[in-house]
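Single-structure report; data block below.
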Amino acid sequence: MLLLILKRIGLGLITLFIVSLITFVGVEVLPGDACTTYLEREAYGAALDACIKRLGLDVPAYERYLDWASNVARGDFGYSLSGEMPINEVLGPRVKNSLVLASVSILIGIPLAIVLGIITALWRDKLPDIMISTITIFSMTIPEFISATLLILIVAIWLGWLPGIVIIPSDATFYELLSNIILPVVAISMIMTAHMARMVRSSVIQVMASDYVQMAILKGVPYWKMVFRHVLPNALLPAINVVALTIAWLLGGVVVTEVVFNYPGLGRLVIESISNRDLPVVQALAIILASIYVGINLIADLMTLMLNPRLKSLQIRK
Amino acid sequence: MESNLITEDKQKNKLEKAFEILKTMASKPSGLIGLAIVLFHVVLALISPYIAPYDYKAISPNTMLLAPSAEHWFGTDSLGRDVFTRTILGGRTALTVTFFGSLIALLWGGLLGIFCGLVGGKIDDVVMRVVDAFLSIPWILAMLLIVSLLGTSTEVLIPALGFFYGKGIVRVARAATHDVIAKDFIVSARARGHSNMSIIWNEIIPNVRDAILVEGAMRWSWMLLGFSSLSFLGFGVSPPTPDWGLMISNARGLMSFAYWSVIAPIVGLSSLIIGINLTADAFAKALGIDRSTKAPV
């Protein structure tokens with residue numbers, strides 16, 4: 001069991017190592033280095049020299065990679081060109097803001113998805129299922145920026161209930177944030193809930209058709225007792241992994257949503273750093289976002305392992 | 001000999017089979033609606049340059065932000081351009097870019113996946129590690145980086161999108177190949193002394209084609225989503241190209257009093273994405289592949 005966990009963590013680390021190589025090599029291979037890209041037309045003379053010195057571009061590439069990688073491993077991402085300060089200081093408040101947005105959305109999204117998934121599965125092809133499934137298909141296929149724009153148009157402009165554009169400084173306190181993130185949270189959790197509800201639905205349907213559930217029905221186990229005791233634990237377990245993948249995939253959507261609502265999180269930093277052509281920050285963001293992705297998947301794997309005794313013995317024998 | 005007979009038989013029935021699949025897809029209302037929407041958009045994209053009433057890039061200060069009327073069905077935007085013209089031409093941009101992008105994704109993803117599934121071993125391990133690593137970089141960051149360094153022309157966008165949406169297909173193709181490769185007919189083809197190429201072409205591709213095509217149809221809608229998000233963020237096609245994402249992003253600031261210029265591209269893009277999704281779902285069901293439990297990777 002411990003060996004298996006260590007193996008999973010090792011695989012995750014290898015993935016992150018390859019990601020760091022890809023981003024580093026990508027920035028190296030594509031035309032222009034960090035300094036000429038950032039300074040654009042002013043890339044000559046003293047300004048260029050100073051920048052090259054600042055980033056240490058005058059040493060060979062592999063040495064720079066080793067330097068950069070070992071610094072990143074220690075938690076130091078380097079120096080932001082456009083912010084003119086260490087990247088860690090730029091990241092701090094942004095990470096916090098995105099974390100607030102993401103965790104509120106997840107806290108609303110997951111329970112709602114489970115409830116909706118169960119309802120649609122138990123009333124399969126009946127009115128509740130048809131209604132909810134239609135809504136989920138709509139909200140999961142429409143791009144984030146469209147649902148966010150429509151939310152602003154309808155709720156903020158036509159109805160005038162909430163402010164459409166969030167104007168908060170990046171160092172706002174937790175309570176200041178909470179009152180301002182209703183619309184972004186709705187936009188994000190709408191898509192997330194739709195994706196997860198669909199998975200829960202098909203998982204529940206699969207389990208309902210299995211032999212042991214048929215057996216329970218024949219034995220005369222009361223319907224709701226059967227649903228909660230026999231169906232749900234078996235149906236939700238395989239959904240954990242898929243939910244993790246969905247959350248990780250939505251990182252891209254969070255970027256877009258943050259831009260639409262002008263929310264000062266990691267996502268908007270992605271756009272800002274790319275518009276400013278601030279490559280050190282872009283590299284740092286690639287590693288951070290990839291770590292989140294790998295981390296979420298790792299947690300899901302471990303949770304499935306812990307919760308499922310059968311899988312445990314299977315994997316060890318393998 | 002036997003496998004040759006089967007392939008000949010298949011060829012004869014190819015059209016019939018395609019028609020059969022279409023019929024199954026259209027037999028459910030959701031599939032029929034999806035097919036109708038996609039067909040509508042494709043036809044519109046083909047004829048839009050001939051039916052567009054105005055020049056899509058004609059700027060005029062006299063016609064700024066006009067409400068919908070008989071002359072301008074969907075009104076005009078902040079530069080005085082006709083929104084109807086730009087909306088119907090926008091579908092052309094979206095469909096062209098994503099169609100060729102998906103084609104590239106299908107080709108390289110499918111072939112690499114089949115290759116990995118077939119050879120296995122060390123090569124397979126290394127390729128899959130790299131694919132996993134690419135999967136863990138958010139697509140939006142990677143796309144933005146490429147586009148910001150190489151520019152935003154369609155010559156860059158199409159291969160870049162094709163590359164990024166192909167990595168998921170590698171996994172599907174590899175898994176499907178794994179399923180096929182242990183079957184008896186591969187073993188017997190090997191025993192008959194067929195070359196690897198002939199095995200790939202005659203035995204594996206016909207058997208994994210369905211899974212890859214369904215995946216490709218799904219990728220198509222995700223790619224459309226990705227492409228329009230890029231345009232929306234200002235990193236897709238450059239103005240004055242008529243493009244839905246770009247139109248929405250331009251009209252967004254003025255939507256408190258000129259909502260028509262944002263509604264038209266929203267309806268266009270949403271309907272096309274929903275149409276493609278419904279079609280892909282129906283396609284998967286018609287081929288007997290369940291993709292509802294799969295995460296969007």
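In the text below, chain A, chain B and the rest are named by the order of the sequence lines, each starting its count at 1. Here the structure is a predicted model, which means the values were calculated and not measured.
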Kindly write out the residues that satisfy ring pair (Phe, Tyr, Trp, His ring centres under 6.0 Å) with B/Phe84, not counting sequence neighbours, or none if the list is empty.
B/Trp73, B/Phe74

From CZ (B/Arg129) to CD1 (A/Ile18), nearest 0.5 Å:
6.5 Å

Take a 6.0 Å sphere around CD1 of B/Ile123 and say whether it holds more than 12 heavy atoms from other residues, nucleotides or ligands.
no

Would you give the length of the straight line joining atom OG of B/Ser228 to atom CZ of A/Phe145, rounded to the nearest 0.5 angstrom?
4.0 Å

Any chance you could measure B/Leu269, atom CG, to A/Ile146, atom CD1, to the nearest 0.5 Å?
4.0 Å

With the side chain counted from C-beta on, respond yes when A/Ile137 and B/Asn277 share a heavy-atom pair under 4.5 Å apart, and no when they do not.
no

Any chance you could measure A/Met140, atom CE, to B/Leu225, atom CG, to the nearest 0.5 Å?
10.5 Å

Looking only at A/Leu289, A/Val294, A/Val259, most heavy-atom pairs under 4.5 Å shared with chain B are made by A/Leu289

Between CZ on residue B/Arg252 and CD1 on residue A/Ile152, distance to nearest 0.5 Å:
6.0 Å

Let me know if A/Ile14 has heavy atoms under 4.5 Å from chain B in its side chain, its backbone, both or neither.
side chain

Side chain, backbone, both or neither: which part of A/Val255 has a heavy atom under 4.5 Å from chain B?
side chain

In the structure I gave you, are the side-chain heavy atoms of A/Leu153 and B/Ile263 within less than 4.5 Å of one another anywhere?
yes

Are any non-hydrogen side-chain atoms of A/Phe138 and B/Ser270 less than 4.5 angstrom apart?
no

One option among A/Val282, A/Val256, A/Thr149 has the most heavy-atom pairs under 4.5 Å with chain B, and it is A/Thr149

Partners meeting side chain to side chain donor-acceptor pair (under 3.5 Å) with B/Arg174 (sequence neighbours left out)
B/Asp124

Applying a strict 4.5 Å limit to non-hydrogen atoms, the region of B/Ser229 in contact with chain A is both

Flag the one option from A/Leu11, A/Thr141, A/Leu16 with the top tally of heavy-atom pairs under 4.5 Å to chain B.
A/Thr141

Checking B/Ile266 against chain A: side chain, backbone, both or neither under 4.5 Å from a heavy atom?
both

Indicate yes or no: at least one non-hydrogen side-chain atom of A/Ile271 is less than 4.5 angstrom from one of B/Phe235.
yes

Within a strict 4.5 Å, meaning less than it, do heavy atoms of the A/Val260 and B/Phe232 side chains meet?
yes

Residue, of B/Ile273, B/Leu224, B/Val130, that accumulates the most heavy atom pairs under 4.5 Å with chain A:
B/Ile273

NZ/NE/NH1/NH2 to OD/OE distance under 4.0 Å, B/Lys28 and A/Asp125
no

